[in-house]
Student: 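My questions will all concern the structure given below.
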Amino acid sequence: MALTLAEKILQEHIVPEACPNIQFKKGTPIPRGEDIAIHIDQTLTQDATGTMAYLQFETIGIPRVKTELSVSYIDHNTLQTDFKNMDDHRYLQSVAAKYGLYFSRPGNGICHQVHLESFGKPGKTLLGSDSHTPTGGGIGMIAIGAGGLDVAVAMGGGAFHTPMPKIFGVKLTGKLKKGVGAKDIILEVLRRETVKGGTGAIYEYFGEGVEKLTVPQRATITNMGAELGATCSIFPSDASTKRFLESMGRGSDWSEQKADEGAVYDKLIEINLDELHALAACPHNPDVIDTVKNLAGKKVTQVVIGSCTNSSLDDLESVAAIVKGKHIAPGVEAGIAPGSRTTLLMASKAGILEDLIETGFRILESACGPCIGQGFAPNSEGVTLRTFNRNFKGRSGTADANVYLVSPETAAAAAVTGVFTEAETLSYEDPAYKTGVRISMLDGNDPRLSSPMVLNCATNRAMVIPPLPESEASKVEILRGPNIKPCPACREYKSNLSLPVRLKASDNVSTDDIMPAGAKVLPLRSNIPEISKFTLTRLDETFYTRSEEANFADCCVVGGENYGQGSSREHAALGPMYLGVRAVITKSFARIHKANLINYGIIPMTFANSEDYVKIKEGDTLELVDLDNSLKNHKPFKVLINGTTEIECVNDIAARSAQIIMAGGLAAYTRKGGN
Ligand code: MIC
Ligand code: SF4
């Protein structure tokens, strides 16, 4: 039977003995929604989630990672206002040396950009402790974001479990117009699908429109599939992928990857690129989409180009083409953070950097930086245009700022005009197609191919430390700073739970709401007792003090749709767990957060009838009736409100996940021999 590309790669990686619930037969579609277990070829971690992941990995007690390749990146906490960040860096470097990982030093670039340039391989699986790991889908990988504990298990050779996703096909036809970017494609998908439309799904792109997109453009789209709530997104690996890998000095890593002829998708979306115009995601969610034409003329105070979504050489080249010879408008502050030092180096060799410097851009470090509120915060009530992927309220570091997510083309146009402007209305020369990467989008007989300025794009390895041989690795001493505290144990499972509702939240609560990032909180990522004090503060400043007053007694939280959207940070499960949260009851969950709750022994439940949401208020007591029976026998949950009204909640927890909850979390489950 004809299979989609995503399903082909998943089937290549299935570990049948770890998912006995499915009758697996290669070449036959796997029933959607069933728990599957896949082998992971590569892993990545970044520093903000990495410390917890490696603290957990250390407890597994194996001498060396069992993957084909694992990389530890430092890209989030590079502000270093005191000892904490660098202590974490040194811990991570020593762990990488001891356990056989590559180590990407601070300043080398954002994990997803560097991984695409230096390590990703078509047809492989990648699991990363960051929600934007699906960027790797741009070169035909199944690349999935997960909590650090899941990544630790994968590094130890364990399979990764997830419900078999539906596979949505996105057929691209036509060609992007001048001034319209790959970002506009994914914003269009977000407009149609919303931030929860991709839950439990993989988006697979195909069609003649795909051929004309470069790998960095494809990676922009797969990166922001995370904002759809998707498990991941994927493009085929074709001639364009080959040229990209060759330009990175990695031509031998290429293999062709494509769907079978006649593959059938669970849903089909069609986008004609000829008809697409510039779009913007408006405050404060990535699916609040408007056209730049509608916003035209609105004043802008800040422009930032960067993040793992849009910081490639392609992006920098598009920006330079638009701003060349002009100056940043007086009312605007503009910054640009090339996604990696390789990108920076190539931009410098191609003369692009010069154009950006002359225009007046502030050149920021190749790191996450402003995307995660690490500097470059906008002015109060500022209007900031960012080429990033998330615009949750307060994430920029300025609570009342208005963050718009746009393409590099739109950002560049606003930087020089001071107002929202469609780049297509400006007169500028189309990007020069002169760099090694950009030429990959030209047709074989394009005259510009005869005189390309071919750069030596082979990745800059100066800041990547390769794994040590085993004999030396075993002698490495792990360096632990005073802020690095062990990961606290989960609360023991109890079958009798009577839980006061400590907080009731509404729809689309993000993990930034549950556990904020930013310059103040991020340095505490290795210290759960300290960071737990910030739990849910964005929604209720008193959450921690009320928990303390209750002596951290067991409690629950109630939420609306898409609870826990956004990042993979397991701190958004660890913080609540530490303060006593035993169950979270919502209308629906985001995938990674739900998995993280289970990994830390917190029960995720969804209302069978979403209208029951209004029956519960903060301070009510919810009794989980006959919990053992529900978990062991996969029966719906019964919840008694204040001893009077009984409601039902859906139990869509897979058998293995139920066992994890009853074992007191994934770490305890693994220690007890669970797989
Ligand atoms: C994000 O973009 O929110 C982050 C920061 O990269 C997170 C990871 C984290 O919280 O450390 C993510 O996307 O998973
Ligand atoms: Fe870093 Fe932002 Fe990408 Fe997260 S979304 S990995 S903070 S650049």
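Counting convention: from 1, in listed order, for ligands and their atoms alike. Only this structure's heavy atoms are used, side chains among them; waters, hydrogens and symmetry mates stay out.
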Student: For atom 1 (Fe) of ligand 2, decide whether C368 has an N, O or S atom at a distance under 2.8 Å.
Tutor: yes
Student: Looking only at protein heavy atoms, which one is nearest to atom 4 (Fe) of ligand 2, and what is the separation?
Tutor: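 Answer for atom 4 (Fe) of ligand 2: H76 NE2, 3.8 Å.
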Student: N/O to N/O below 3.5 Å, does that happen between T49 and ligand 1?
Tutor: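 T49 vs ligand 1: no N/O contact under 3.5 Å.
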Student: Provide the number and element of each atom of ligand 2 under 4.0 Å from a heavy atom of H132.
Tutor: 5 (S)
Student: Looking only at protein heavy atoms, which one is nearest to atom 2 (Fe) of ligand 2, and what is the separation?
Tutor: C371 SG, 2.3 Å
Student: Counting backbone and side-chain atoms alike, does C308 have an N/O/S atom under 2.8 Å from atom 3 (Fe) of ligand 2?
Tutor: yes
Student: Under 3.5 Å, is there a donor on one side chain and an acceptor on the other for N596 and H571?
Tutor: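 Side-chain D/A pair, N596 to H571: absent.
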Student: Is it the case that ligand 1 has an N or O less than 3.5 angstrom from some N or O of D512?
Tutor: no
Student: For the ring pair Y544 and F534, is the centre-to-centre distance below 6.0 Å?
Tutor: no
Student: Hey, are K393 and D512 close enough for a salt bridge, meaning a charged N less than 4.0 Å from a carboxylate O?
Tutor: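 Salt bridge absent between K393 and D512.
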Student: Would you check whether R390 has a nitrogen or oxygen atom less than 3.5 angstrom from a nitrogen or oxygen atom of ligand 1?
Tutor: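 Yes: some nitrogen or oxygen of R390 is under 3.5 Å from one in ligand 1.
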Student: My understanding is that only one of I528, V151, I484 makes a side-chain contact (heavy atoms from CB on, under 4.5 Å) with M52; could you say which?
Tutor: I528
Student: List the atom of T222, the atom of I234, and the distance in Å for their closest heavy-atom pair.
Tutor: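 Heavy atoms of T222 and I234 come nearest at CG2-N, 4.1 Å.
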